[in-house]
Amino acid sequence: MNCYDCENEISPARLEALPDTNYCVKCADKHAAPVVARMIYSHKTAGELFIATGSENVRRLNREYSRAR
């Protein structure tokens with residue numbers, strides 16, 4: 001099977017691990033949704049872990065993280 005982007009052959013090991021993949025390792029990052037995790041500490045409380053996916057949610061989480069620091 002060939003990659004949809006670069007037309008190179010997808011390695012057999014990758015196809016074995018992810019049988020429904022359409023992209024090679026080099027092109028997969030271009031099509032993956034961004035995921036970010038941040039620890040945000042409130043005043044006098046334990047920190048909370050927030051995980052965001054998608055560009056807009058990642059932008060919002062990064063903005064909140066910079067405010068909390």
Side-chain angles (χ1 to χ4, degrees):
M1 180 174 186
N2 291 340
C3 175
Y4 282 3
D5 277 355
C6 66
E7 298 295 324
N8 291 334
E9 184 178 350
I10 300 173
S11 69
R14 180 166 172 78
L15 287 173
E16 186 176 326
L18 301 165
D20 60 337
T21 189
N22 296 319
Y23 302 101
C24 66
V25 173
K26 292 179 183 177
C27 296
D29 284 342
K30 294 182 223 172
H31 300 281
V35 176
V36 171
R38 298 277 188 242
M39 286 290 291
I40 297 179
Y41 296 92
S42 299
H43 181 68
K44 294 185 180 178
T45 62
E48 295 178 274
L49 178 66
F50 292 91
I51 300 173
T53 59
S55 298
E56 181 62 21
N57 291 333
V58 167
R59 185 187 67 76
R60 288 179 180 170
L61 181 58
N62 284 333
R63 186 179 65 207
E64 186 64 31
Y65 178 72
S66 66
R67 284 183 187 168
R69 296 190 88 201

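By convention here, the first residue in the shown sequence is residue 1.
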Side-chain donor-acceptor distances from residues 22-36 under 3.5 Å, at least two apart:
residue, atom, partner, partner atom, Å
H31, NE2, D5, OD2, 2.6

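Linking ILVMFWY residues whenever their side-chain heavy atoms come closer than 4.5 Å, directly or via other members, places V58 and I40 in the same cluster.
In terms of the side chain to side chain donor-acceptor pair (under 3.5 Å) criterion, N57 has no residue partners (sequence neighbours excluded). Every residue two or more places apart in sequence or in another chain that forms a side chain to side chain contact (heavy atoms under 4.5 Å, CB included) with E56 is listed here: R59, R60. In this structure S11 satisfies the side chain to side chain donor-acceptor pair (under 3.5 Å) test with no other residue, sequence neighbours excluded. For the side chain to side chain donor-acceptor pair (under 3.5 Å) test, no residue two or more places apart in sequence or in another chain qualifies with N8.
Clustering of Ile, Leu, Val, Met, Phe, Trp and Tyr side chains at separations under 4.5 Å places M1 together with I10, L15.
Atoms CD1 and CZ, on I51 and R38 in that order, are 12.0 Å from each other to the nearest 0.5 Å.
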